[in-house]
Amino acid sequence: KGDLTVSMEHLASNIIAGLLDSLNARIRVLRKPRGTAVLCTPQGEMHQLASKVLEGLLLERGYRSWNISASAPTESVADFIASKKPDIVLISLTIPQYQPSLRRLLTAIREQRTRSRIVVGGQGVRGLSKDGLPAETTLVVNGSVEALDEACGVRHQLA
């Protein structure tokens, strides 16, 4: 309705980000990690709350993760991924205008010859065609936990 200003939205986002950081810090994995994951956003994309939520979900599932969102330069992200060799790369896109940046990031990651499973999701992927994306890329348009688990090949049972 236009009742909130951008400043108010940023304040709310910062408060939520702090709460998510606090919650994620409390998650302990008591066994050998199931795998590793890098969470990131395309260059220009400043929204990082989804990545913080995903970080916690992956921690609960036994994954070690590196959250490098939001908006690092494309080549820097690709180099980081190449150096860590994660099992999964999760890319969050909130704003559709960054779809070209997403495509550049996917190309840069693949040029590094990484064998990581790449999963792309978020509100910004709606309307995005799988055409033009690397064949190995999983596009998640349903942002549910079940869709995350399926895309990542993660099976999780709550006690």
If you round to the nearest 0.5 Å, how far is [atom2] of [Y] from [atom1] of [X]?
{"X": "Arg104", "Y": "Tyr98", "atom1": "CZ", "atom2": "OH", "result": "11.0 Å"}
{"X": "Glu75", "Y": "Leu105", "atom1": "CD", "atom2": "CG", "result": "9.0 Å"}
{"X": "Ile81", "Y": "Ile109", "atom1": "CD1", "atom2": "CD1", "result": "3.5 Å"}

Are [X] and [Y] in one and the same hydrophobic cluster, where Ile, Leu, Val, Met, Phe, Trp and Tyr link if side-chain heavy atoms are under 4.5 Å apart?
{"X": "Met46", "Y": "Ile91", "answer": "no"}
{"X": "Leu19", "Y": "Leu11", "answer": "yes"}
{"X": "Val89", "Y": "Trp66", "answer": "yes"}

Taking the side chain from [X] and the backbone from [Y], do they hold a donor-acceptor pair closer than 3.5 Å?
{"X": "Thr114", "Y": "Ser116", "result": "yes"}
{"X": "Ser69", "Y": "Cys40", "result": "no"}
{"X": "Ser13", "Y": "Glu9", "result": "yes"}

Would you say that [X] contacts [Y] through its side chain, given a criterion of any heavy-atom pair below 4.5 Å between the two side chains?
{"X": "Val119", "Y": "Val140", "result": "yes"}
{"X": "Ile95", "Y": "His47", "result": "yes"}
{"X": "Arg110", "Y": "Ile118", "result": "yes"}
{"X": "Leu93", "Y": "Gln99", "result": "yes"}

Query raised in the report: For Ser101 and Pro42, which heavy atoms make the closest approach, and how far apart are they?
Result: OG-CB, 3.5 Å
Report task. Determine, stepwise, if the pair Leu128 / Leu139 fulfils side-chain contact (heavy atoms from CB on, under 4.5 Å). Result -> CA-CA 9 Å; Leu128 184 65; Leu139 190 60; 4.0 Å; yes
Going by distance alone, is a donor N or O of one side chain under 3.5 Å from an acceptor N or O of the other, for [X] and [Y]?
{"X": "Ser51", "Y": "Glu55", "answer": "no"}
{"X": "Gln43", "Y": "Thr74", "answer": "yes"}
{"X": "Thr5", "Y": "Ser7", "answer": "no"}

Query raised in the report: More than 12 heavy atoms of other residues, nucleotides or ligands under 6.0 Å from CZ of Arg103: is that the case?
Result: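 Counting neighbours around CZ of Arg103, more than 12 heavy atoms of other residues, nucleotides or ligands fall under 6.0 Å, so yes.
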Report summary line: side-chain contact (heavy atoms from CB on, under 4.5 Å) with Leu39: of Ile88, Val53, Leu58, Ile68, only one passes, and it is Leu58
Requested in this report: Tell me, with the steps shown, if Val38 and Val77 meet side-chain contact (heavy atoms from CB on, under 4.5 Å).
Outcome: CA-CA 9 Å; Val38 169; Val77 173; 5.6 Å; no
Query - Trace of the side-chain contact (heavy atoms from CB on, under 4.5 Å) decision for Lys84 with Thr36 - result: CA-CA 9 Å; Lys84 295 298 182 186; Thr36 57; over 6 Å; no
Report summary line: Residues passing the side-chain contact (heavy atoms from CB on, under 4.5 Å) test with Ala70, sequence neighbours excluded, are Thr41, Gln48
Query - Residue list, salt bridge (charged side-chain N to carboxylate O under 4.0 Å, His left out) with Lys52, at least two apart or on another chain - result: Asp21
